[in-house]
Number of protein chains: 2
Amino acid sequence: MNLNVREALLEAARKAAQSHGYNGLNFRDLAAAVGVKSSSVHYHFPSKADLGAAVARRYWEDTAQALEALLAESPQPQRALHEYPRIFRKSLEDQNRLCLGSFMGAESEGLPDAVKTEVQVFADINVAWLEKVLVASSSDSPATAHQRARAIFAAVAGAQLIARSRSDIALFDELLATYRVSGLLPA
Amino acid sequence: MNLNVREALLEAARKAAQSHGYNGLNFRDLAAAVGVKSSSVHYHFPSKADLGAAVARRYWEDTAQALEALLAESPQPQRALHEYPRIFRKSLEDQNRLCLGSFMGAESEGLPDAVKTEVQVFADINVAWLEKVLVASSSDSPATAHQRARAIFAAVAGAQLIARSRSDIALFDELLATYRVSGLLPA
DNA sequence: ACCTGAACACCGTTCAAGT
DNA sequence: ACCTGAACACCGTTCAAGT
């Protein structure tokens, strides 16, 4: 039950942050969602900065795991690359939530340093994975793979941001399709 | 002096919102920046929702004007299209600020309806302008221009979001360059 | 017409007190 | 070890009171 509270807080805080951002997170609603008092949240996470950093760290850890699983279960690396946007699509399917990296990235100006650091790691692992897969699928030379990986990450994040503000998953799919026909993403 | 206070509030609130979002806006800091008391802000804008909506409306009005000016002063429409991302670049040059439409778009879940409406207009006028210019420069058929316009808007917004979270304008330029070589944006 | 101080409920935080 | 209530300073809001 003790560990469960901490895990439940991390999970509920992640969902809240993907919906309302770090600024939109608040201890009393979070505590209520888990069934404890707000002062109990401070026992597990002394400050909001600690909570935010823990949530962001867990988020990129989970993402790193999902990315490796995606690559492992794909017969060819092109297939993993093609499925990559599905990770962002799943956030939209889950109550129209935004990628935590995008939301906290937007808020980064006012974020505690510990949180900002974790958010940057999220971006780094996405770009590193894309770069690796682009090279493995030999659709790009190693020299251009890094630039291309960053552009894909930025464009997919942008598509999710726009589609989310309209609560329109079909728009996300259409944006991705246009990225493909234009050549930013491999067909 | 009276009108100046209202205008000064709108301007200061826009800057604050582009840095910290709607949730990061607060009446006391805003009032202090303009030199009045926080209760005076409520005289001009009864609620935070009113203030947010006024800021967002002014923002898309200014953007609409800038877009028309850009098109008017461009000898060819391709030229205006090429210069379009400069509008987003200018926000980064101005204290690393994010497009208000992107920030409030991310926050849209918790935004008052009046604010959300204005934010959507911002997206609409951007896409409509891009679509018009794409057709005029005959780089796209009318049938595909709309899809392409939305993809460009999403990708440029995403590039700004990523570059801003790194406080790296050069990254914005590199992302845009990659969009061009990949074919999403005309060379 | 425009501005202000005081008061209210809310939020992050602390801390002494519980079990 | 884990949880809680009470108290603090902060924020959006209201309102009576100023000019």
Side-chain angles (χ1 to χ4, degrees), chain A residues 1-56 100 103-104 107-116 118, chain B residues 1-56 100 103-104 107-116 118:
Chain A
M1 189 66 170
N2 319 344
L3 261 185
N4 283 353
V5 168
R6 193 192 145 88
E7 287 300 311
L9 285 169
L10 276 177
E11 165 86 351
R14 177 188 61 76
K15 288 187 176 185
Q18 284 189 258
S19 290
H20 308 111
Y22 178 82
N23 289 333
L25 251 187
N26 83 79
F27 278 65
R28 284 175 177 82
D29 287 349
L30 176 62
V34 173
V36 294
K37 297 298 172 183
S38 73
S39 43
S40 298
V41 181
H42 286 281
Y43 173 76
H44 296 282
F45 307 98
S47 73
K48 190 174 178 180
D50 295 311
L51 174 63
V55 168
L100 188 67
F103 216 140
M104 288 189 170
E107 297 175 304
S108 58
E109 196 80 9
L111 242 38
D113 284 341
V115 183
K116 210 187 304 191
E118 303 296 341
Chain B
M1 189 67 171
N2 319 348
L3 261 184
N4 282 353
V5 167
R6 193 194 145 87
E7 286 301 311
L9 285 170
L10 275 177
E11 165 88 351
R14 177 188 58 79
K15 288 188 176 183
Q18 284 189 258
S19 289
H20 308 110
Y22 179 81
N23 289 334
L25 250 186
N26 83 79
F27 277 66
R28 283 172 178 83
D29 287 349
L30 177 62
V34 172
V36 293
K37 297 299 173 181
S38 73
S39 44
S40 298
V41 180
H42 286 280
Y43 173 76
H44 295 282
F45 306 99
S47 72
K48 190 175 178 180
D50 294 312
L51 174 63
V55 167
L100 188 67
F103 216 140
M104 288 189 170
E107 297 175 305
S108 58
E109 196 81 8
L111 243 38
D113 284 341
V115 183
K116 209 187 303 188
E118 303 296 340

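First the proteins, then the strands, lettered A, B, ... as listed; each starts at 1. All values derive from a computational prediction rather than experimental measurement.
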Would the distance check show the side chain of A:Glu107 and the main-chain N or O of A:Gly21 forming a donor-acceptor pair, the cut-off being under 3.5 Å? no
Contact under 4.0 Å: B:Ser40 side-chain N or O vs C:dT4 OP1/OP2: yes
To the nearest 0.5 Å, tell me how far A:Leu100 CG sits from A:Arg14 CZ. 8.5 Å
Strand contacts (DNA chain C) in residues 15-31 of chain A, 4.0 angstrom heavy-atom criterion: A:Leu25, A:Asn26, A:Phe27, A:Arg28
Look up atom CG in B:Leu111 and atom CG in B:Asn23, then write down how far apart they are to the nearest 0.5 Å. 7.5 Å
Keeping the roles fixed (side chain from B:Lys48, backbone from B:Pro112), state whether a donor-acceptor pair exists under 3.5 Å. no
Could you tell me the separation between the NZ atom of B:Lys37 and the C1' atom of D:dT14, rounded to a whole number of Å? 18 Å
Find the distance between OH (B:Tyr43) and CG (B:Leu9) and round it off to the nearest 0.5 Å. 12.5 Å
Closest to the side chain of A:Ser47, out of C:dT13, D:dC3, D:dT14, is C:dT13
Is the shortest side-chain N/O distance from A:His44 to OP1 or OP2 of D:dA1 below 4.0 Å? no
Report the distance from atom NZ of A:Lys48 to atom C1' of D:dC11, rounded to the nearest whole Å. 13 Å
Not counting sequence neighbours, list each pair that qualifies as a ring pair (Phe, Tyr, Trp, His ring centres under 6.0 Å) and has a residue in residues 19-41 of chain B. B:Phe27-B:His42
Using atom OH of B:Tyr43 as one end and atom P of C:dC3 as the other, report the distance to the nearest whole Å. 7 Å
Find the distance B:Leu51:CG to D:dT13:C1' and express it as a whole number of Å. 14 Å
Is C:dG12 paired to anything, Watson-Crick or G-U wobble with both distances less than 3.5 Å, and if yes, which nucleotide? D:dC8
Just the rounded figure in Å: distance from P of D:dC2 to CG of A:Leu9. 12 Å
Just name whichever nucleotide pairs with D:dC2, Watson-Crick or G-U, keeping both distances under 3.5 Å, else none. C:dG18
How long is the span from the CD atom in A:Gln18 to the CD atom in B:Glu109, to the nearest 0.5 Å? 11.5 Å
Residue pair B:Ser39/A:Ser39 against DNA chain D: nearer the 5' end by closest nucleotide is A:Ser39
Distance check needed: C:dA17 C1' versus A:His42 NE2, whole Å only. 17 Å
